Number of protein chains: 2
Amino acid sequence: MHHYYYYYYYYKLLFSFLPCNPDGESLTTCTKASQVSGVRVQLEMQALWQQFDQLGTEMIVTKAGRRMFPTFQVRIAGMDPSADYVLLMDFIQIDDKRYRYAFHSSSWLMAGQADVAAPSRMHFHPDSPARGAQWMKQTVSFDTLKLTNNLLDDNGHMILNSMHRYQPRFHVVYADPAPNSYLNANRNFCSFAFPETQFMAVTAYQNHRITQLKIASNPFAKGFRTPDPLTVWVVWNSTVF
Amino acid sequence: MHHYYYYYYYYKLLFSFLPCNPDGESLTTCTKASQVSGVRVQLEMQALWQQFDQLGTEMIVTKAGRRMFPTFQVRIAGMDPSADYVLLMDFIQIDDKRYRYAFHSSSWLMAGQADVAAPSRMHFHPDSPARGAQWMKQTVSFDTLKLTNNLLDDNGHMILNSMHRYQPRFHVVYADPAPNSYLNANRNFCSFAFPETQFMAVTAYQNHRITQLKIASNPFAKGFRTPDPLTVWVVWNSTVF
DNA sequence: TAGTTCGCACCTAGGTGAAAACGT
DNA sequence: ACGTTTTCACCTAGGTGCGAACTA
């Protein structure tokens with residue numbers, strides 16, 4: 001429990017007004033504090049994200065909570081090295097639709113209006129708050145973030161509706177030490193959304209090509225990889241002799 | 001990097017003046033701030049610590065860093081639930097002696113004066129700073145703390161001299177939000193030392209009974225346990241038929 | 001039927017002491 | 001001799017998709 005949690009609901013409200021801007025740039029253009037106005041954010045593993053995005057990324061949600069893969073990771077530049085920042089993520093539903101997967105056409109179809117929205121939460125990066133110098137030193141990874149479909153979750157996981165589409169967002173909040181700093185709250189943050197990180201929440205993979213790409217690229221799924229032809233050839237010949 | 005790290009060397013100096021008090025009570029009696037004056041700390045797994053202590057606890061130190069076992073864990077009461085605290089540990093050499101183990105008599109013997117003292121460090125609990133309510137909610141565990149004999153360690157591990165005796169200490173620091181709070185530094189903390197957690201730093205276990213107790217009680221050493229007679233009997237009979 | 005849950009085999013990642021190799 | 005370092009088999013702990021069972 002840190003002081004900045006006081007601002008939880010304040011920032012949550014602020015963020016809710018942001019447009020779902022798909023250009024990966026700062027979502028707002030109003031005057032910003034110098035500590036955040038120059039912040040630049042670059043998505044890591046962008047090529048992998050794009051591979052998934054081309055197939056239509058799916059993310060598993062479970063009752064106990066499931067990690068995202070690919071993991072949301074960013075490189076940050078342009079912070080004030082000596083200022084304190086809080087880094088966090090949230091997820092916004094991209095549209096008010098529910099989807100279903102048509103296996104015969106291997107595509108997603110709209111299937112009516114969205115269910116009641118899941119309780120919206122924010123996920124603070126566990127190193128928050130930390131100085132700009134610390135954040136910029138190396139890649140910032142949200143690998144501990146988990147997705148759940150349990151509306152009553154009390155593990156602090158992100159609650160999403162299965163069969164709905166989401167856009168992850170990333171927020172950089174300057175921890176202003178000034179008294180009554182909440183008055184500057186709308187000047188003290190900047191937000192980023194990378195369109196290639198959009199995904200469909202599912203309880204089981206629908207698109208087989210997504211499953212195969214997960215198996216091929218996630219180290220924890222190595223057990224499901226079929227050995228490549230060269231490996232098969234080597235093993236075959238070495239067991240024969 | 002948090003603000004309270006500014007006080008690192010200030011508190012390090014303060015702590016260096018504390019006596020090595022073996023009664024597990026607060027080490028100082030001078031007037032304390034209300035946020036720390038009522039703090040009570042109870043050692044977890046005390047029975048296990050005492051078992052080890054009776055044999056003469058040994059802790060492995062390695063170049064890469066080794067965890068302690070038993071882990072230093074405490075339950076805390078009497079904090080101000082809404083005040084912020086920083087929790088940390090350090091290790092003080094119990095005497096200025098170097099030791100060696102006499103296998104024939106299964107006992108430790110003094111073997112001259114202590115080597116040059118290893119660089120003294122403090123280990124902040126990674127959840128610091130946090131509110132009293134958060135710390136008191138559940139056991140506070142220092143399971144990520146590691147011991148090393150590498151004088152040039154740059155992983156933030158605790159540096160100890162092998163074949164020297166140490167007393168772990170636990171410090172509760174009130175994160176005073178007042179300006180110039182360092183002026184109150186000596187009033188804003190309290191310290192605890194549990195004599196049953198004293199140990200000898202070693203690079204390899206000397207006392208075989210310590211080794212056996214580690215194997216019997218540390219889950220990660222289960223691979224070295226000899227199956228107990230009942231299990232042997234059951235397995236024997238179930239494989240025969 | 002369409003979607004969710006659960007147990008499972010198979011991984012990654014890393015914490016153990018044993019024992020051999022290495023210093024001094 | 002005595003103490004340290006390194007490698008290793010064997011664990012714990014927990015992240016994977018699979019497939020059967022379950023639910024409405």
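Worth saying up front: this structure is predicted, and the values here are computed from it rather than measured. Heavy atoms only: backbone and side chains are in, while hydrogens, waters and symmetry mates are out. We name chains A, B, ... by the order of the sequence lines, and we start the count at 1 in each one.
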Just to be sure I understand the rule, does A:Thr211 reach a base, reach only the sugar-phosphate, or reach nothing, if contact means heavy atoms closer than 4.0 Å?
sugar-phosphate

Less than 4.0 angstrom between a side-chain N/O of B:Ser162 and OP1 or OP2 of D:dT4, yes or no?
yes

Report which part of the nucleic acid B:Tyr205 touches: base, sugar-phosphate, or nothing (heavy-atom distance under 4.0 Å, all strands).
sugar-phosphate

Quick one: A:Met163 CE to C:dT4 C1', roughly how many Å, whole number?
9 Å

Here the distance between atom P of D:dG3 and atom NE2 of B:His164, to the nearest Å, is 12 Å

Determine, for B:Phe52 and B:Lys214, whether the Lys NZ or Arg CZ falls below 6.0 Å from the six-membered ring centre while staying within 45 degrees of the axis.
yes

If you check every side-chain atom of B:Asn218, which of D:dG17, C:dT16, C:dG17 has the closest atom?
C:dT16

CG of A:Leu145 versus C1' of D:dG14: gap in Å, rounded?
17 Å

Any donor-acceptor pair under 3.5 Å joining the side chain of A:Arg66 to the base of D:dG17?
yes

Rounded to whole angstroms, how far apart are CG on B:Leu147 and P on D:dT5?
14 Å

Only one of A:Thr211, A:Leu213, A:Val202 passes side-chain contact (heavy atoms from CB on, under 4.5 Å) with A:Glu58, and that residue is A:Val202

In whole angstrom, what separates A:Ile215's CD1 from C:dC11's P?
12 Å

Is there a side-chain polar atom (N or O) of A:Asn149 under 4.0 Å from OP1 or OP2 of C:dT5?
yes

Expressed as a whole number of angstroms, how long is the span from B:Asp115:CG to C:dT24:P?
15 Å

Round to the nearest Å and state the distance from B:Phe224 atom CZ to C:dG17 atom C1'.
4 Å

Measure from the ring center of A:Phe142 to the ring center of A:His125 and say whether it is less than 6.0 Å.
yes

If only side-chain N and O atoms of A:Lys146 are considered, is one of them under 4.0 Å from the OP1 or OP2 phosphate oxygen of D:dG15?
yes

Can you check the B:Lys222 NZ to D:dA13 C1' distance for me, whole Å?
12 Å

Just checking A:Phe192 against A:Phe194, ring centres under 6.0 Å apart?
no

Note: for B:Arg98 and B:Phe220 on DNA chain D, the residue whose nearest nucleotide lies more 5' is B:Arg98

Salt-bridge test for A:Asp115 and A:Arg98: reply yes if a basic N is under 4.0 Å from a carboxylate O, no otherwise.
yes

